[in-house]
Chemist: 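A single structure is presented below for examination.
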There are 2 protein chains.
Amino acid sequence: MSLRHALLGLLTYEPMTGYELKQFFDSSVQHFWNAELSQIYPTLKALEEQGWVDKDVQVQDGRPNRKIYEITPSGRDEFLRWVREPQPPAEMRDPFMIKVFFGADVPVEDMLVLMRRQMDEHGKGLAFCETVLREKVKAVTHHMFTPRHALFWSLTLEMAMAYRRAYIEWCEMSMRLLEESVLEEGPSEHIHRLDHPKRDAG
Amino acid sequence: MSLRHALLGLLTYEPMTGYELKQFFDSSVQHFWNAELSQIYPTLKALEEQGWVDKDVQVQDGRPNRKIYEITPSGRDEFLRWVREPQPPAEMRDPFMIKVFFGADVPVEDMLVLMRRQMDEHGKGLAFCETVLREKVKAVTHHMFTPRHALFWSLTLEMAMAYRRAYIEWCEMSMRLLEESVLEEGPSEHIHRLDHPKRDAG
DNA sequence: TTACCCATGTAACCCGTTACATGATTTT
DNA sequence: AAAATCATGTAACGGGTTACATGGGTAA
């Protein structure tokens, strides 16, 4: 589980409550990671049991007490240990690829609709990175963090954008190939293959 | 869960046992999806309860009976329904990006080592796609499947390769930027920031 | 004789999401 | 008056991995 370490990482910036961590999360790493409060609270508890964070309770009335978590020295050690530990490469796990893989048995028009939609969605994601998130990185530099922090933040942003650009380009190429294949084979050939895919092969 | 539908998809090719499905899985979609036998067996059971597959038991002695699963008409319907259903875009969820995000507090040399390793691993993955998998797609076309199937298979392969190329390029760019930043700031500045990251900011 | 292939499964555990529960304060 | 913010959590469920259990046949 990387959530533990993501939380430790955020707590190296400053002590925070679970609620604040969630907000920080959403406003900083949301383009490549996210977490729900229902997962954050138990994880903080586990972190405390491990001795990697300390808890300071601020009593409130009318609402639940604020529990402010602060990273301990051993928490910092653990975090740095984890960061330097080799990380196996993230593998793709994309349900859309399953659909494409079996796309030969589906009307081409439907596949084109699906791909167009993927392209649009990734386009939106890319636009969001290029505007909102890019501005956020710029803004944050002038407040609490060094240019050095901004460098690393923007590297993660670049990766998110590179991924989406690659996806979009792939969609474009795929759609072009599919349209060409329709011209070559005729538009409705797939219908014959729907029931007995193998018999039509030879 | 897409595993149900991935299995249904494979069963549109021909009836198979769980064991054979696993092998087919490993040899066809392993570059963007995978599944363990311990997950496949219960899923087949669920598929059968849904009426999407039929089971034919081939009694054997000395080893467990072969249970050959065949997709039913309603299974085919369900599969086609699922394929055409809109698919939300797969989001990145990459633990390595967390490490990069917090990379400002780690010695640059360590970050460079980590990135080099990611680059190598993704390079290996890319090489595997370009040789083994590409050959497999070519080979399979001549046996059981149409050129049309080969087209869709190779699209998924292209996506896997595009992803890895994008990752590798990002690693190269990041390493370049990090090396430049060392020259500008001096190699060991980070050490001062390790304990009190915020105090050094202003 | 060591290891891999065949062939099935169960149980425990890990990580994550969604739904449920509470309820005052502030903004629209 | 409705909705969002603050602030904590629990419970149920979904999906996936690892470990455990069995055990004959075959290839290196």
Side-chain angles (χ1 to χ4, degrees), chain A residues 1-8 15-27 29-30 32-50 53 55-69 82 87-95 98, chain B residues 1-8 10 15-27 29-30 32-50 53 55-69 82 87-95 97-98:
Chain A
M1 147 150 82
S2 303
L3 178 60
R4 293 166 194 256
H5 296 100
L7 292 175
L8 284 179
M16 278 183 266
T17 67
Y19 191 84
E20 286 166 339
L21 279 163
K22 166 67 173 163
Q23 290 178 311
F24 207 117
F25 234 95
D26 286 347
S27 72
V29 301
Q30 131 257 30
F32 60 87
W33 203 268
N34 78 320
E36 301 303 320
L37 279 168
S38 61
Q39 200 190 351
I40 290 173
Y41 289 126
T43 304
L44 283 170
K45 202 177 165 191
L47 248 28
E48 198 194 356
E49 277 158 19
Q50 282 273 337
V53 300
K55 182 172 60 181
D56 177 40
V57 180
Q58 227 175 52
V59 178
Q60 301 190 131
D61 60 291
R63 64 181 51 175
N65 297 333
R66 281 166 62 85
K67 297 183 177 174
I68 301 158
Y69 292 91
W82 175 79
Q87 183 70 42
E91 13 174 314
M92 295 188 44
R93 198 178 185 81
D94 185 347
I98 302 181
Chain B
M1 142 150 86
S2 304
L3 178 60
R4 291 166 196 257
H5 296 99
L7 292 175
L8 283 179
L10 291 182
M16 278 184 267
T17 67
Y19 190 86
E20 286 167 341
L21 279 162
K22 165 68 173 162
Q23 289 179 313
F24 208 118
F25 234 96
D26 286 347
S27 71
V29 301
Q30 132 257 29
F32 60 86
W33 202 267
N34 77 320
E36 300 303 320
L37 279 169
S38 62
Q39 200 190 352
I40 289 173
Y41 289 125
T43 303
L44 284 170
K45 203 176 165 190
L47 249 28
E48 198 194 356
E49 278 158 17
Q50 282 273 339
V53 299
K55 182 171 61 180
D56 177 40
V57 180
Q58 227 175 54
V59 179
Q60 301 191 131
D61 60 289
R63 66 182 51 173
N65 297 333
R66 281 166 64 85
K67 298 183 178 177
I68 301 158
Y69 291 91
W82 175 79
Q87 182 69 44
E91 13 173 316
M92 293 188 45
R93 197 179 186 79
D94 185 347
M97 288 300 125
I98 302 180

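Letters go in sequence order (proteins before strands), and every chain restarts at 1. Owing to the predicted nature of the structure, the values given are computational and were not obtained by experimental measurement.
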Chemist: How long is the span from the OG1 atom in A:T17 to the CD atom in A:Q23, to the nearest 0.5 Å?
Modeler: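 Spacing of OG1 (A:T17) from CD (A:Q23) equals 7.5 Å.
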Chemist: Would you compute the distance between atom CE of B:M16 and atom CG of B:L10 and round it to the nearest 0.5 angstrom?
Modeler: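 Result: 5.0 Å between the selected atoms.
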Chemist: Could you check how far CZ of B:R63 sits from P of C:dC5, rounded to whole Å?
Modeler: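 To the nearest whole Å, that distance equals 13 Å.
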Chemist: Of the listed nucleotides (C:dT8, C:dT18, D:dT8), which one gets closest to any side-chain atom of B:Y41?
Modeler: C:dT8
Chemist: Report the C-alpha separation of B:Y69 and B:L47 in whole Å, then their side-chain angles, then the decisive distance to 0.1 Å, and conclude whether the side chain to side chain contact (heavy atoms under 4.5 Å, CB included) test is met.
Modeler: CA-CA 10 Å; B:Y69 291 91; B:L47 249 28; over 6 Å; no
Chemist: To the nearest 0.5 Å, what is the distance between CE on A:M92 and CH2 on B:W33?
Modeler: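 Between A:M92 CE and B:W33 CH2, I get 10.5 Å after rounding to 0.5 Å.
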Chemist: Expressed as a whole number of angstroms, how long is the span from A:L37:CG to D:dA4:C1'?
Modeler: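 In whole Å, D:dA4 C1' and A:L37 CG are 15 Å from each other.
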Chemist: Specify the separation, in whole Å, of atom CG of A:N34 and atom C1' of C:dT18.
Modeler: 13 Å
Chemist: A:Q60 CD to D:dG9 P: how many Å, rounded?
Modeler: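 Atom-to-atom, A:Q60 to D:dG9, this comes out as 12 Å.
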Chemist: Measure from the side-chain N and O atoms of A:K22 to the backbone N and O of A:A35, and report whether any donor-acceptor pair falls under 3.5 Å.
Modeler: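 Side chain of A:K22 to backbone of A:A35: a pair is present.
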Chemist: If you restrict it to nitrogen or oxygen atoms, what contacts under 3.5 Å exist between nucleotides 12-15 of chain D and the protein, and what is each distance?
Modeler:
| from | atom 1 | to | atom 2 | distance (Å) |
| --- | --- | --- | --- | --- |
| D:dG15 | OP1 | B:M1 | N | 2.3 |

Chemist: Working to the nearest 0.5 angstrom, can you tell me the gap between A:Q58 CD and A:N65 CG?
Modeler: 9.0 Å
Chemist: Nearest-Å distance, CZ (A:F25) to P (C:dT17)?
Modeler: 10 Å
Chemist: Please give the angle, rounded to 10 degrees, between the axes at the start and the end of the helix from C:dT1-D:dA28 to C:dT28-D:dA1, where five pairs define each axis.
Modeler: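 About 50° separates the two local helix axes.
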Chemist: Find which nucleotide of DNA chain C each of A:A35 and A:P64 is nearest to by heavy atoms, and output the residue with the more 5' nucleotide.
Modeler: A:A35
Chemist: Measure from the side-chain heavy atoms of A:K67 and tell me the nearest of D:dT18, C:dT17, D:dG9.
Modeler: D:dG9
Chemist: Between B:R66 and B:D56 (side chain of the first, backbone of the second, donor and acceptor by atom type, cut-off under 3.5 Å), is there such a pair?
Modeler: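 Side chain of B:R66 to backbone of B:D56: no pair is present.
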Chemist: Measure the CG-CD distance between A:D94 and B:E91 for me, rounded to the nearest 0.5 Å.
Modeler: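 Nearest 0.5 Å value for the CG-CD distance: 11.0 Å.
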Chemist: When you measure from the side chain of A:Q60 to the backbone of A:P64, do you find a donor-acceptor pair of N or O atoms at a distance under 3.5 Å?
Modeler: yes
Chemist: Could you check how far CD1 of B:I68 sits from C1' of C:dC6, rounded to whole Å?
Modeler: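 It is 14 Å, rounded to the nearest whole Å.
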Chemist: A:K55 has an atom NZ; how far is it from atom P of D:dA7, in whole Å?
Modeler: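 To the nearest whole Å, that distance equals 16 Å.
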Chemist: Expressed as a whole number of angstroms, how long is the span from A:D26:CG to C:dT17:C1'?
Modeler: 14 Å
Chemist: From C:dT17, D:dG16, D:dT8, pick the nucleotide closest to the side chain of B:L3?
Modeler: D:dG16
Chemist: D:dT17 base to B:S38 side chain: any donor-acceptor pair below 3.5 Å?
Modeler: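 Side chain to base: no pair below 3.5 Å.
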Chemist: Could you give me the CA-CA distance, side-chain angles and deciding distance for B:L7 and B:L21, then say whether side chain to side chain contact (heavy atoms under 4.5 Å, CB included) is met?
Modeler: CA-CA 7 Å; B:L7 292 175; B:L21 279 162; 4.1 Å; yes
Chemist: So B:Q23, base contact, sugar-phosphate only, or nothing? Heavy-atom distance under 4.0 Å.
Modeler: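 Result for B:Q23 = sugar-phosphate.
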Chemist: Would you mind classifying the nucleic acid contact of A:D61 as base, sugar-phosphate or nothing, using non-hydrogen atoms under 4.0 angstrom?
Modeler: nothing
